[in-house]
Amino acid sequence: MNKMKRAAKGTLPVYIALGFASLVSIFPFYWMFVMATQPSAAYNSIPPTLLPGDQLVENFMKVLDTIPFFQAMWNTIVLCSTVTLAVLLISSLAGFAFAKFQFPGKNFFFILILLTMVIPPQLGLIPQFYLVSQLGWLDTLLGAGVLFLLNPLGIFLMRQYISESVPDELMEAAKLDGCSNFRIYRSIVLPIIKPAFATLGIIVFTLVWGEFLWQFTVLRDPASYTLQVALASLNNAFRVDFGMLLSGVFWATVPLILIFLIFNKWFISSITEGSIK
């Protein structure tokens with residue numbers, strides 16, 4: 001009993017620190033919600049306003065009157081979902097090949113893919129824009145998402161996860177039963193790497209959802225705007241309505257929270273499995 005009491009006393013500071021860190025992490029989102037319910041003048045009030053107001057609906061109606069918010073959200077959901085599914089397929093297939101097969105130049109190509117992670121994406125902005133324009137993909141979601149299909153981090157993550165989670169003996173047994181490589185991938189590898197799928201899916205979905213520079217470059221037609229580009233148009237050169245702006249940002253953040261909550265279990269499972277291994 002004494003040992004249990006000492007253990008409880010030892011973990012109490014840890015829980016207090018974690019609770020404080022959680023509050024600090026949540027506060028920016030809470031403050032954004034508060035500002036979304038206040039008039040624009042409350043943004044510069046001293047002392048700052050910390051309690052929600054009554055203008056959440058009014059501010060959001062201003063957003064709807066200024067930009068095609070729901071059209072932009074639909075475009076963003078389609079773009080992020082399509083890119084995420086494509087990245088999961090490409091990364092898992094590439095990771096499977098790098099983890100379980102031997103072929104000439106395997107290590108060279110893998111290192112080459114990883115080296116692309118250190119290149120700032122801004123360096124390729126002009127040639128990429130020229131290529132997309134020549135292909136006729138300007139003002140299309142295909143042009144906005146094509147650059148994200150090859151994800152070096154996803155390939156690295158899948159390679160490491162498949163290497164540690166899929167036994168070679170299991171693959172050899174499947175080959176003895178006459179399974180092709182794609183059948184092994186579909187029937188054995190995919191069920192095992194579901195936690196890694198959830199982790200990578202959240203990372204890619206969030207990355208594409210928050211991307212602004214490339215989408216702002218290739219999307220010029222308001223009908224093709226994503227949320228990030230549409231919200232940027234809320235800024236006025238002479239006057240910024242912070243209540244309206246933060247209301248749009250708040251509602252644009254809600255789908256990300258829902259995605260994380262849906263796949264939270266698999267995300268945590270992937271982290272804990274990696275720590276055990």
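One-based numbering along the sequence shown.
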So CG of Leu131 and CD of Gln134: to nearest 0.5 Å the spacing works out to 8.0 Å

Should Met35 and Met32 count as side-chain neighbours, where that means a heavy-atom distance under 4.5 Å?
-> no

Calculate, to the nearest 0.5 Å, the distance between atoms CG and CG belonging to Asn59 and Leu246 respectively.
-> 9.0 Å

Donor-acceptor under 3.5 Å (Ser187 side chain, Ile184 main chain) = no

Check whether the ring centres of Phe98 and Phe109 lie less than 6.0 Å apart, and answer yes or no.
-> no

Does Lys175 reach the main-chain N or O of Ser180 with its side chain, forming a donor-acceptor pair under 3.5 Å?
-> no

Hphob cluster co-occupancy, Val189 + Leu85, side-chain heavy atoms under 4.5 angstrom | no

For the residue pair Met117 and Pro152, what are the closest heavy atoms and their distance?
-> CG-CB, 3.3 Å

If Ile, Leu, Val, Met, Phe, Trp and Tyr residues are connected whenever their side-chain heavy atoms lie under 4.5 Å apart, and connections chain through other members, are Leu64 and Val249 in the same group?
-> yes

Check: Leu93 and Leu89 side chains under 4.5 Å, non-hydrogen atoms | yes

Is it true that a side-chain atom of Lys100 and a backbone atom of Arg159 form a donor plus acceptor pair closer than 3.5 Å?
-> no

Would you name the heavy atoms of Ile67 and Ser233 that are closest together and state the gap between them?
-> CG2-OG, 3.2 Å

Taking the side chain from Ser165 and the backbone from Ile162, do they hold a donor-acceptor pair closer than 3.5 Å?
-> no

Do Phe148 and Thr84 touch side chain to side chain, with heavy atoms closer than 4.5 Å?
-> no

Quick one: CD1 on Ile193 to CG on Leu88, what's the gap to the nearest 0.5 Å?
-> 8.5 Å

I would like to know whether Tyr161 and Thr199 meet side-chain hydrogen bond (donor to acceptor under 3.5 Å, both in side chains); could you show each step before the answer?
-> CA-CA 11 Å; Tyr161 198 90; Thr199 301; over 6 Å; no

Please name the pair of heavy atoms, one in Phe29 and one in Thr253, separated by the smallest distance, quoted to 0.1 Å.
-> CE1-CG2, 3.8 Å

Of the options Phe69, Phe33, Trp31, Tyr30, which is the one that meets Phe250 in a ring-ring contact (aromatic ring centres under 6.0 Å, His included)?
-> Phe33

Which pair of non-hydrogen atoms, one from Ala72 and one from Ala230, has the smallest distance, and what is that distance?
-> CB-CB, 3.8 Å

Between Leu157 and Ala196, what is the shortest heavy-atom contact and its length?
-> CD2-O, 4.3 Å

Counting only N and O atoms by type, is there a donor-acceptor contact under 3.5 Å from the side chain of Thr76 to the main-chain atoms of Leu227?
-> yes

In Å, rounded to the nearest 0.5 Å, how long is the span from CG of Leu170 to CD1 of Ile188?
-> 4.5 Å

Are Val34 and Val57 co-members of a hydrophobic cluster defined by side-chain heavy atoms under 4.5 Å apart?
-> yes

Ser224 and Thr140, any side-chain heavy atoms less than 4.5 Å apart | no

State whether a side-chain donor-acceptor pair under 3.5 Å links Tyr185 with Ser92.
-> yes

With a cut-off of 6.0 Å (strictly less than), are more than 12 heavy atoms of other residues, nucleotides or ligands near CZ of Phe20?
-> no

Can you hop from Phe70 to Met61 via hydrophobic side chains spaced under 4.5 Å?
-> yes

All salt bridge (charged side-chain N to carboxylate O under 4.0 Å, His left out) counterparts of Arg220, not counting sequence neighbours = Asp139

Starting from the C-alpha separation in whole Å, work towards a yes-or-no answer on side chain to side chain contact (heavy atoms under 4.5 Å, CB included) for Phe96 and Val166.
-> CA-CA 10 Å; Phe96 179 46; Val166 181; 5.6 Å; no

Please check if the side chain of Thr82 supplies one atom and the backbone of Leu79 the other of a donor-acceptor pair under 3.5 Å.
-> no

Run the side chain to side chain contact (heavy atoms under 4.5 Å, CB included) check on Val146 and Val83 step by step: do they pass?
-> CA-CA 8 Å; Val146 66; Val83 170; over 6 Å; no

Side-chain atoms of residues 201-217: list all donor-acceptor pairs with protein atoms under 3.5 Å, sequence neighbours left out, distances to 0.1 Å.
from   : atom 1 : to     : atom 2 : distance (Å)
Thr206 : OG1    : Ile202 : O      : 2.7
Trp209 : NE1    : Ala252 : O      : 3.1
Glu211 : OE2    : Leu213 : N      : 3.1
Glu211 : OE2    : Trp214 : N      : 2.7
Trp214 : NE1    : Gly143 : O      : 2.9
Gln215 : OE1    : Thr226 : OG1    : 2.5
Gln215 : NE2    : Val208 : O      : 3.1
Thr217 : OG1    : Leu213 : O      : 2.7

Heavy-atom side-chain proximity of Phe101 to Asn181 below 4.5 angstrom | yes

Got more than 12 heavy atoms from elsewhere within 6.0 Å of CZ, Phe103?
-> yes

Backbone N or O of Cys179 within a donor-acceptor pair of the Asp177 side chain at under 3.5 Å?
-> no

If Ile, Leu, Val, Met, Phe, Trp and Tyr residues are connected whenever their side-chain heavy atoms lie under 4.5 Å apart, and connections chain through other members, are Ile16 and Ile26 in the same group?
-> no

Indicate, with yes or no, if the rings of Trp251 and Phe60 have centres closer together than 6.0 Å.
-> yes

Side-chain donor or acceptor of Ser81 paired with backbone N/O of Val78 under 3.5 Å = no

CA sep, side-chain torsions, deciding dist, call: Thr37, Gln55, side chain to side chain contact (heavy atoms under 4.5 Å, CB included) = CA-CA 5 Å; Thr37 64; Gln55 297 195 23; 5.7 Å; no

Heavy-atom count around Ile126 CD1 within 6.0 Å, excluding the residue itself: above 12?
-> no

Passing candidate, side-chain contact (heavy atoms from CB on, under 4.5 Å) with Phe110, options Leu114, Asn107, Leu112, Ile113 | Leu114

Residues Phe129, Leu138; criterion side chain to side chain contact (heavy atoms under 4.5 Å, CB included); working and verdict = CA-CA 8 Å; Phe129 176 81; Leu138 294 179; 3.5 Å; yes

Any donor and acceptor pair, going by atom type alone, linking the side chain of Asn151 with main-chain N or O of Gly154 inside 3.5 Å?
-> yes

So do Leu147 and Gln128 actually touch side chain to side chain, heavy atoms under 4.5 Å?
-> yes

Side-chain (Ser247) to main-chain (Met244) donor-acceptor, under 3.5 angstrom = no

